[in-house]
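Scroll down for the structure; my scribbles are underneath it.
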There are 2 protein chains.
Amino acid sequence: MAEFNLEHDLREALAGIGRAIGQPHRLRLLELLAQREYYVEQLAELSSLTMASASQHLQHLRRAGLITVRRDGRQMAYRLTDERIIDLLGLVRQIARSQIAEVERLLSQLFPNDPDLTPLVALSQAELVQQMEAGQVTLLDVRPGAEFEAGHLPGAINLSLAELEQHLDSLPKDQSIVAYCRGPYCALSHKAAQMLQARGYQVQRFEDGFPEWKRAGLPIETLQRSSLNGTQHP
Amino acid sequence: MAEFNLEHDLREALAGIGRAIGQPHRLRLLELLAQREYYVEQLAELSSLTMASASQHLQHLRRAGLITVRRDGRQMAYRLTDERIIDLLGLVRQIARSQIAEVERLLSQLFPNDPDLTPLVALSQAELVQQMEAGQVTLLDVRPGAEFEAGHLPGAINLSLAELEQHLDSLPKDQSIVAYCRGPYCALSHKAAQMLQARGYQVQRFEDGFPEWKRAGLPIETLQRSSLNGTQHP
DNA sequence: ATAACATTCAATTAAATAGTTGAATGTTAT
DNA sequence: ATAACATTCAACTATTTAATTGAATGTTAT
């Protein structure tokens, strides 16, 4: 390794970023950290990893320059170093979707179309902004409460899939509902939208998620909290 | 591996792209393929790999959906599947540069500033377009002839570093020269620019390279050739 | 048909990576 | 000070990846 030249060393450093995003568990961690800062314990829980394993993956991501840590009491809070990492993940998703047949196949399984219903409409960012400006839309955030509290689309209401069935009456039947969640490959909003559609609601799905919205510089709302802890759903 | 869920499988497929760009030799191959279509033999030569090794790396990139092959006689010609791969590499470079200290250190070694000269000006795409429209600029493409022939900036002249010293008289002393090469981390244009600057030319460097220019949809010129073969410089 | 050639495949070895377990570190609360 | 706790480290095993060598494949030119 030492006998190579500067350009090779430079590519070796760039390749480190590739390797960092080259593992499904680490992609999961990055998706979570794209929503908000999280403690190791929470990340381990949400990504079904042991603490030691999560810690090691987080350090791998840190060495690649994708995340940083700060100490908060006796816990370590990780977050993305850079908003451009949202763009990076988005670009990888786009390339994968158009160039890897397996991805398209998995997506159609993950987002199955109920044959009895009309296929869900996926709204682009621009279309959603337009509908919001027109004022005739209810935004439904299907992410865990902790992520909603850390930041959400203006005026959105937060109901998990489980809560949704209990609070159907708080949703308008005569107005369009737009569901969103963590990002384009997060199934939560799709499930929520299908359930609502089957019950006769006018529902659409935002094709991106909160991180992409925020990254685009569009307005967001936050609920203040004293600590990082918050309700956790899987 | 079979006991995991759809979302994990999807992330596994996305991670494949990460692993594909997670190796310095493969990044080199992608940089070359961002310039033009190339045969395996040429890629092996240009990246200092054995044929077998180059072939295996190329197949790795192909499985990840980043490149495709076509047969041309008894040779196999590889090319990028997707223009967005230029964006992906650019984004990785940007993130690496701002988040990995080692990268900044390596760059200052790769692009050393001669203490006797004023530091080279790096022109952005927009600035270069502006200067070209004003008409007072000579474009110098320092890449190998084969890459120049496959596509270059409008009106550019092609001189390799070696040729440059022989043809100094074909360059104007009273007008600004802008040198460019393969991309932001390619040292050719920097070396050329420093050499010219030391000889009293008014010289600037385009901060991107041909692939980024083409990717931005800006006009390019091509020299027609009957075959893929062409002059090869390392 | 056959020889020459470019590339890929198969088999091997060496190196890097991921997951597991239990001990070590550093902080907070008592 | 000491105990409790969150996280990291160290050591180990299993898996994956990279490079090398030589054989196999498929195309072109004779």
Side-chain angles (χ1 to χ4, degrees), chain A residues 1-4 8 11-13 15-29 33 37-64 67-79 226-229 232, chain B residues 1-4 8 11-13 15-29 33 37-64 67-79 226-229 232:
Chain A
M1 203 188 246
E3 77 268 19
F4 279 108
H8 186 91
R11 283 192 288 265
E12 173 60 47
I17 292 184
R19 286 192 296 269
I21 63 171
Q23 219 279 353
H25 290 305
R26 286 195 291 269
L27 283 179
R28 169 69 166 170
L29 293 169
L33 292 170
E37 196 177 41
Y38 264 120
Y39 295 136
V40 182
E41 190 175 27
Q42 302 172 312
L43 291 168
E45 163 80 29
L46 291 167
S47 54
S48 313
L49 291 168
T50 61
M51 284 278 283
S53 197
S55 174
Q56 281 170 205
H57 282 303
L58 290 167
Q59 281 167 76
H60 195 146
L61 290 168
R62 195 169 54 73
R63 280 193 301 273
I67 64 179
T68 31
V69 218
R70 71 182 173 88
R71 188 175 271 282
D72 177 17
R74 58 183 134 181
Q75 324 203 71
M76 303 298 271
Y78 281 88
R79 64 170 191 284
S226 55
S227 102
L228 250 186
N229 295 302
Q232 289 168 33
Chain B
M1 202 187 250
E3 76 267 20
F4 279 108
H8 186 90
R11 282 191 289 266
E12 173 62 43
I17 293 184
R19 285 192 297 269
I21 62 170
Q23 218 279 354
H25 290 305
R26 286 195 292 268
L27 284 178
R28 169 68 166 171
L29 292 169
L33 292 170
E37 197 178 40
Y38 264 121
Y39 295 136
V40 182
E41 188 175 30
Q42 300 172 312
L43 292 167
E45 162 82 29
L46 291 167
S47 55
S48 313
L49 291 168
T50 61
M51 284 278 284
S53 197
S55 174
Q56 281 171 203
H57 283 303
L58 289 167
Q59 281 168 79
H60 195 146
L61 289 168
R62 196 169 53 73
R63 281 193 301 273
I67 65 179
T68 32
V69 219
R70 70 179 175 89
R71 186 178 271 282
D72 178 18
R74 57 185 135 182
Q75 323 201 71
M76 304 297 273
Y78 281 88
R79 65 170 190 282
S226 54
S227 103
L228 248 187
N229 296 301
Q232 289 168 37

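Since this is a predicted model, take the numbers as computed values, not measurements. Here is how names work: the chains are called A, B, and so on, in the same order as the sequence lines, proteins then strands, and each is numbered from 1.
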For nucleotides 17-21 of chain D, give me every protein contact, N/O to N/O, under 3.5 Å, one pair per line with atom names.
from: D:dT17; atom 1: OP1; to: B:R19; atom 2: NE; distance (Å): 3.4
from: D:dA18; atom 1: OP1; to: B:R26; atom 2: NH1; distance (Å): 3.3
from: D:dA18; atom 1: OP1; to: B:R26; atom 2: NH2; distance (Å): 3.0
from: D:dA18; atom 1: OP2; to: B:R26; atom 2: NH1; distance (Å): 3.3
from: D:dA19; atom 1: OP1; to: B:H25; atom 2: NE2; distance (Å): 3.4
from: D:dA19; atom 1: OP2; to: B:H57; atom 2: NE2; distance (Å): 2.5
from: D:dT20; atom 1: O4; to: B:Q56; atom 2: OE1; distance (Å): 3.2

Using a cutoff of under 3.5 Å, can you pull out all pairs of nitrogen or oxygen atoms linking the protein to nucleotides 25-30 of chain D, with atom names and distances?
none

Could you list all N or O pairs between the protein and nucleotides 12-14 of chain D that sit under 3.5 Å apart?
none

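Regarding contacts with the backbone of C:dT8, a side-chain N or O of B:S55 is found under 4.0 angstrom from either OP1 or OP2. Taking 4.0 angstrom as the limit, B:Y78 places a side-chain polar atom (N or O) nearer than this to OP1 or OP2 of C:dT8.
For the atom pair CZ (B:R70) and CE (B:M76), the distance works out to 10.0 Å, reported to the nearest 0.5 Å. To the nearest 0.5 Å, atom CG of residue A:L61 and atom CD1 of residue A:I17 are 11.0 Å apart.
In this structure, the side chains of A:Y38 and A:L46 come closer than 4.5 Å at one or more pairs of heavy atoms.
As rounded to whole Å, 16 Å separates atom P of C:dA18 from atom CZ of B:R11. Rounded to whole angstrom, the span from the CD atom of B:Q59 across to the C1' atom of C:dA6 amounts to 13 Å. Distance B:Y39 OH to C:dC5 P: 17 Å, rounded to the nearest Å. Between A:R70 atom CZ and D:dT8 atom P there is a gap of 14 Å when expressed in whole angstrom units. Between B:R62 atom CZ and C:dT7 atom P the separation is 14 Å, expressed in whole Å. In this structure, B:M51 atom CE and C:dT8 atom P are separated by 7 Å, rounded to whole Å. Counting to the nearest Å, the P atom of D:dA6 and the CD atom of A:E41 are 5 Å from each other. Between A:L27 atom CG and C:dA18 atom C1' there is a gap of 15 Å when expressed in whole angstrom units.
The two residues B:G18 and A:I21 come nearest to each other via the heavy atoms CA-CG1, 3.8 Å. In terms of heavy atoms, A:A64 sits closest to A:G16 at CB-O, 3.8 Å.
Looking at DNA chain C, the stems built from 3 or more consecutive Watson-Crick or G-U wobble pairs, each pair with its key distances under 3.5 Å, are C:1-30 with D:1-30.
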| task | Apply the test side-chain contact (heavy atoms from CB on, under 4.5 Å) to residues A:H25 and B:H8: give CA-CA distance (whole Å), side-chain angles for both, the deciding distance (0.1 Å), then the verdict. | result | CA-CA 8 Å; A:H25 290 305; B:H8 186 90; 3.5 Å; yes
| task | Could you go through the side-chain contact (heavy atoms from CB on, under 4.5 Å) check for B:L33 and B:L43 one step at a time? | result | CA-CA 9 Å; B:L33 292 170; B:L43 292 167; 4.0 Å; yes
Cut-off 3.5 Å, no hydrogens considered: what does the side-chain donor-acceptor table look like for residues 51-59 of chain A, sequence neighbours left out?
from: A:S55; atom 1: OG; to: A:Q59; atom 2: NE2; distance (Å): 3.0
from: A:H57; atom 1: ND1; to: A:R26; atom 2: NH1; distance (Å): 3.1
from: A:Q59; atom 1: NE2; to: A:S55; atom 2: O; distance (Å): 3.2

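Listed by chain and number, the residues in a salt bridge (charged side-chain N to carboxylate O under 4.0 Å, His left out) with B:R79 are B:E37 (sequence neighbours excluded). Contacts of B:A15 classified as side chain to side chain contact (heavy atoms under 4.5 Å, CB included), with partners at least two apart in sequence or in another chain: A:P24, A:L27, B:R19.
Note on B:M76: only backbone sugar-phosphate atoms sit closer than 4.0 angstrom, heavy atoms only; bases stay farther off.
No side-chain donor-acceptor contact under 3.5 Å links A:Q75 to the backbone of A:D72.
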